[in-house]
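The next block holds one structure in the form of structure tokens; read it before the comments.
All values below were derived from every heavy atom in this structure, side-chain atoms included, with hydrogens, water molecules and symmetry-related copies excluded. This is a predicted model, so every value here is computed, not measured.
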Protein chains: 2
Amino acid sequence: MSSTSMRTHLCGDLRPDQIGDTVSVCGWVGRRREHGEHLAFVDLRDHSGIVQCVINDDIDVRSEYVLRITGVVRERPEGTINDNLPTGQIEIGDCEVEILRTATPPPFPIDARADDVDENIRLQYRYLDLRRERMQKNLRIRSAVNAAVRNSMADQGFVEVETPMLVPSTPEGAREFLVPSRKEPGSFYALPQSPQLFKQLLMVGGVDRYYQIARCLRDEDLRADRQYEFMQLDMEMSFVDQDDVLEAVSASVLDAAEAVTGERPDPIERITWRDAMNRFGIDKPDLRFGMELRELTDAFASTEFKAFAGAEAIKGIKVDGGADEYGRNQLDKLTDKAKGAGAKGLVWMKAVAGDDGGVRFDSPVAKFLSDDEVAGLAAAMDAAVGDLVLIVADDWEPTCEVLGMLRNEIGRPPVHQGPYRYVWVVEFPLFVGRDKETGNPKSGHHPFTMPHPDDVDKFESDPMSVRSIAYDLVLNGWELGSGSIRIHEPELQRRVFAGLGISDEEAERKFGFFLNPFEYGAPPHGGFAFGLDRLVAILAGEDNIREVIAYPKTQSGQDPMTNSPTAGDPKAVEELGLRIIPRVD
Amino acid sequence: MSSTSMRTHLCGDLRPDQIGDTVSVCGWVGRRREHGEHLAFVDLRDHSGIVQCVINDDIDVRSEYVLRITGVVRERPEGTINDNLPTGQIEIGDCEVEILRTATPPPFPIDARADDVDENIRLQYRYLDLRRERMQKNLRIRSAVNAAVRNSMADQGFVEVETPMLVPSTPEGAREFLVPSRKEPGSFYALPQSPQLFKQLLMVGGVDRYYQIARCLRDEDLRADRQYEFMQLDMEMSFVDQDDVLEAVSASVLDAAEAVTGERPDPIERITWRDAMNRFGIDKPDLRFGMELRELTDAFASTEFKAFAGAEAIKGIKVDGGADEYGRNQLDKLTDKAKGAGAKGLVWMKAVAGDDGGVRFDSPVAKFLSDDEVAGLAAAMDAAVGDLVLIVADDWEPTCEVLGMLRNEIGRPPVHQGPYRYVWVVEFPLFVGRDKETGNPKSGHHPFTMPHPDDVDKFESDPMSVRSIAYDLVLNGWELGSGSIRIHEPELQRRVFAGLGISDEEAERKFGFFLNPFEYGAPPHGGFAFGLDRLVAILAGEDNIREVIAYPKTQSGQDPMTNSPTAGDPKAVEELGLRIIPRVD
């Protein structure tokens with residue numbers, strides 16, 4: 001499969017089976033060592049690995065020269081066998097060496113040592129960085145994930161449809177990249193933030209099951225898990241409910257994971273948004289570790305301790321054996337973090353041995369608590385001597401969120417560290433927060449999300465309690481993607497718009513090009529999109545998505561390899577009906 | 001596979017096997033007919049086809065309403081069986097009808113009659129146009145072609161790598177779309193015309209075998225076979241010669257054709273560029289029909305007919321039995337076309353019966369030809385009574401080109417009409433034409449194309465005769481794509497640049513970001529790219545690539561469905577460091 005007119009084998013594929021065979025391999029010189037009087041060892045490297053070649057010492061081959069070597073595979077002499085190398089039992093002798101290309105010495109070593117090289121240098125010389133085993137592996141994992149996802153979707157009857165890159169500019173959502181039109185100077189296309197509009201119209205168009213690994217672009221500030229450009233598995237299906245969508249997406253994600261790890265993860269469990277908040281204090285819970293939030297509101301129902309009295313919610317987390325580990329300094333830091341996250345304060349309590357053999361607590365606030373409250377706390381937290389308990393009392397949502405933040409802060413392993421714990425978070429609230437000026441509720445997902453059928457009655461009376469049929473897929477605390485069942489009935493859509501304070505006129509102006517097609521017969525439908533960069537990063541054991549992208553931009557949005565973006569050519573820009581505003585520096 | 005919580009079957013999948021089963025189907029109302037006193041027939045349609053449902057006449061369902069129908073499959077009554085319909089033997093009775101969505105009457109019928117609707121209207125309501133069988137079929141063919149191509153490449157060890165959409169602007173090639181940078185106002189990215197730079201650097205990076213179904217964009221005027229955006233299978237491989245590349249690409253193209261047609265085409269034949277010109281007068285020969293160019297230079301070697309005397313090349317084509325078919329008017333039109341294509345003139349001759357039982361020619365120029373010349377012509381053209389012969393005498397290339405144009409004009413069937421005749425055209429000239437100002441030769445493909453090794457000696461002495469290792473893939477006269485083996489040695493590259501009149505300084509300035517990486521050890525490599533839009537169009541039986549694109553732009557570059565492009569928002573544009581030049585209309 002990998003043989004060509006120039007080679008018979010890949011370097012890393014040679015084994016004792018080939019002993020005695022004349023082979024040709026091509027690749028780069030990894031290492032050269034002198035060997036006796038007239039010979040040299042050369043490690044020849046291609047993407048499959050390295051093989052040791054014994055060549056005439058007179059041949060001037062240096063680091064990263066490109067060679068074609070033809071020779072005979074032979075057993076390595078006793079004592080030189082390298083069990084750490086797949087090709088470590090053999091070497092190529094009687095070598096005929098053809099120098100295909102000489103090479104300037106590379107600016108960093110083409111091996112794991114380059115991990116410590118400044119990332120800008122690695123990106124400037126990305127074509128050298130990519131030669132390394134780590135990057136070769138990452139690119140191949142990415143390719144395998146894409147293939148597994150596509151095959152899974154195709155097997156489930158989804159049709160791949162390519163949606164446009166030059167799309168209408170829309171006022172909603174994140175900031176978009178604009179593309180000036182030359183044909184209509186002063187007019188612009190936008191680059192797609194997602195194919196949302198087009199995929200929903202595919203459903204109106206009867207495509208029934210659509211998917212695409214779609215390039216999406218957002219002109220947002222970059223960070224470790226965000227680039228201007230990202231790839232997502234985008235899908236939508238008709239005549240379905242939430243279960244249908246979750247099953248289809250789960251199959252493709254599990255297929256991808258299995259393709260990379262060789263092991264099929266367990267079926268993906270589900271948790272409601274409310275349970276996720278109650279138990280993990282966050283809508284993207286990391287299930288790899290415990291330290292769940294525990295309910296203390298009842299235990300302090302009649303407390304006289306002012307910080308607790310009357311709080312809507314009192315909850316705690318327990319750090320097993322943390323009493324000694326956390327000194328005053330660290331506890332102050334945790335308190336600062338809690339306050340930074342909006343908490344009024346953080347109560348800490350260290351479980352110590354009581355006189356009666358039970359547990360009591362060392363804490364600045366211990367004196368305010370009754371014996372019953374101490375006993376109730378110890379029981380609710382299942383606290384043993386040596387444990388540290390952290391308590392927050394506030395409204396329900398900030399109580400959850402602050403403890404969820406502390407839980408991740410204290411207990412969370414690096415994202416790529418196993419095991420892989422996928423979880424569906426379902427029943428997100430339809431509305432999240434209220435507009436400061438108008439007081440109207442704001443959409444949790446987007447305004448076309450279907451409300452939960454059991455909650456439609458509360459729509460006008462208690463909008464903030466209305467759940468939606470929106471769902472997120474979470475892996476090890478990273479949100480992989482989100483989706484929803486969409487509203488396909490105009491009557492319900494109007495009620496949601498009314499709830500959001502959007503008038504009929506405004507709806508028509510902002511969303512008309514999207515909603516008018518629905519008048520011609522929209523099927524019930526729903527969909528999902530998940531980020532492949534994040535999934536691949538986690539499966540590849542990387543914390544940073546740039547490590548799984550062949551040519552990423554730096555965090556300042558540049559490509560040091562090609563020096564883009566570049567200053568515009570005023571003449572070319574003028575053809576677009578534009579003028580560059582002179583900069584005053 | 002297609003059942004969901006709402007349906008048990010697709011409409012078009014029901015067969016007599018299901019008779020007696022209670023089924024649920026979902027879809028759109030295609031047609032409704034009254035049936036007796038209290039019943040109506042409804043044809044329910046989804047992407048798989050239609051099924052006849054017998055419903056209560058009281059239920060108000062109209063054209064394009066979205067329904068869920070649950071009922072019992074039963075045999076159609078004798079005399080109502082429709083053999084033209086896959087579901088024509090059955091119908092669904094005892095129907096429970098759920099109206100999922102009403103519908104405004106569509107602006108055109110959702111069937112083949114819409115083929116005749118103005119294309120702008122079809123594109124404005126693309127979400128309705130897509131409901132039609134033709135478009136559903138086209139989208140599914142496209143999806144199948146993509147899948148077959150990807151699987152073929154993966155099976156051959158190619159790694160899918162996604163290259164960036166935001167790339168450096170380059171002065172070469174077609175006009176590119178620019179994307180203003182917000183982070184660096186006044187600077188621009190470009191959208192990629194192809195991943196050429198990035199894929200060659202993947203080879204420098206040791207990826208060995210790369211492929212991608214890549215979105216490419218060109219800001220060029222649109223026409224039937226060109227859109228701003230197009231998809232291409234882009235590939236590159238290392239340590240190869242031309243045969244390796246042609247084999248890899250052939251496999252993927254033949255796999256794609258087989259996936260659609262169910263038949264594997266014959267292995268793809270090869271023809272040199274020179275032979276293609278000599279025999280078909282064009283570098284993208286359509287092999288579906290004969291009418292090949294025939295060599296007449298020798299037959300008229302010593303002619304006294306002025307229009308032929310001294311011409312570098314004299315060639316002819318023969319229209320079998322065309323003598324009667326082509327009257328004076330049509331021959332004048334062909335002559336005008338020939339002149340429009342640069343010919344000095346066109347000689348036509350009609351073969352008629354000679355006195356001796358042989359062939360002589362009726363023609364305004366017959367009187368200038370000797371008997372020997374007439375006999376030689378008849379023999380060379382293998383002309384029989386009633387044939388029409390068209391002759392051009394000029395330099396070799398225009399002679400070929402004019403006759404090639406006429407051959408296509410007269411004999412070529414619509415591009416999608418079978419059989420499929422793939423052909424590799426190889427050995428393109430390295431240089432094509434000369435720069436009018438400097439007199440320097442111009443690149444035929446691009447300046448990194450490898451010259452033919454047999455011709456390297458003629459590089460300085462006779463550059464225009466130097467062949468290259470560049471190749472095109474042609475299907476039924478449409479160029480599907482092109483590629484080449486690339487130069488990887490700087491010495492040879494310098495000679496090519498010298499031949500093109502590009503100085504070292506200019507080379508560094510224009511191509512440095514591309515050539516400097518090669519100094520670090522570039523492997524021998526080559527690649528190819530072919531347009532999927534064209535391939536899919538031909539396989540789908542369409543003459544226009546817009547028919548195989550879900551959301552194409554019109555020929556004026558607009559999307560009538562979303563009304564893009566749209567006028568720029570001056571404030572958003574200013575953030576990009578740009579100002580819209582006011583238009584003076």
### Verdict with supporting geometry, A:E184 and B:Q558, side-chain hydrogen bond (donor to acceptor under 3.5 Å, both in side chains)
CA-CA 10 Å; A:E184 298 181 33; B:Q558 290 172 314; 2.8 Å; yes
Under 4.5 Å from a heavy atom of chain A, the part of [X] involved:
X      : result
B:Q136 : side chain
B:M231 : side chain
B:V29  : neither
B:P552 : neither
B:P570 : neither
B:R579 : both
B:E491 : neither
B:I549 : neither
B:Q227 : neither
B:E162 : both
B:I110 : neither
B:P523 : both
B:D155 : backbone

Checking heavy atoms, do the side chain of [X], its backbone, both or neither come under 4.5 Å from chain B?
X      : answer
A:S3   : backbone
A:T102 : backbone
A:V161 : side chain
A:F518 : both
A:E519 : both
A:D241 : both

Between [options], the one whose heavy-atom pairs under 4.5 Å with chain A are most numerous:
options                        : result
B:C26, B:G27, B:G157           : B:C26
B:S181, B:P180, B:P106, B:G512 : B:P180
B:D46, B:L191, B:L197          : B:L191
B:V167, B:D243, B:T163         : B:T163
B:P517, B:G568, B:G186, B:A567 : B:P517
B:L139, B:L202, B:V573, B:D569 : B:L202

Any side-chain donor-acceptor pair under 3.5 Å between [X] and [Y]?
X      : Y      : value
A:H47  : B:R209 : no
A:T566 : A:S564 : no
A:D559 : A:T562 : yes

Chain B: which of [options] shares the most heavy-atom pairs with it under 4.5 Å?
options                        : answer
A:A522, A:S556, A:A550         : A:A522
A:R126, A:R131, A:M6           : A:R131
A:L166, A:V159, A:V66          : A:L166
A:M135, A:K553, A:E64          : A:K553
A:E574, A:R215, A:R140         : A:R215
A:P490, A:P107, A:A144, A:A572 : A:P490

Between [X] and [Y], does at least one N-O distance fall below 4.0 Å, as a salt bridge requires?
X      : Y      : result
B:R142 : B:D533 : yes
A:R182 : B:E220 : no
A:D219 : B:K183 : no
A:R7   : B:D208 : yes
B:R101 : A:E489 : no

### Task
Please find out if less than 6.0 Å separates the ring center of B:F198 from that of A:Y551.
yes
[X] [atom1] to [Y] [atom2] distance, which is reported to the nearest 0.5 Å:
X      : Y      : atom1 : atom2 : result
B:S187 : A:N563 : OG    : CG    : 11.0 Å
A:C216 : A:E229 : SG    : CD    : 10.5 Å
A:Q200 : A:S238 : CD    : OG    : 10.0 Å

### Query
For A:E133, does the CD atom have more than 12 heavy-atom neighbours from other residues, nucleotides or ligands under 6.0 Å away?
no
### Task
Please work out which of the three classes, parallel, tilted or perpendicular, describes the rings of B:Y520 and A:Y127, given edges at 30° and 60°.
tilted
### Task
Please test B:C11 against B:R45 for side-chain contact (heavy atoms from CB on, under 4.5 Å), starting from the C-alpha separation and ending with a verdict.
CA-CA 6 Å; B:C11 297; B:R45 185 195 65 236; over 6 Å; no
#### Entry: Contact summary for B:E575 and A:R175, nearest pair of heavy atoms
OE1-NE, 3.6 Å
### Task
Please report the C-alpha distance between B:I99 and B:L67 in whole Å, then the side-chain angles of each, then the deciding distance to 0.1 Å, and finally whether the side-chain contact (heavy atoms from CB on, under 4.5 Å) criterion is met.
CA-CA 5 Å; B:I99 296 177; B:L67 307 184; 3.8 Å; yes
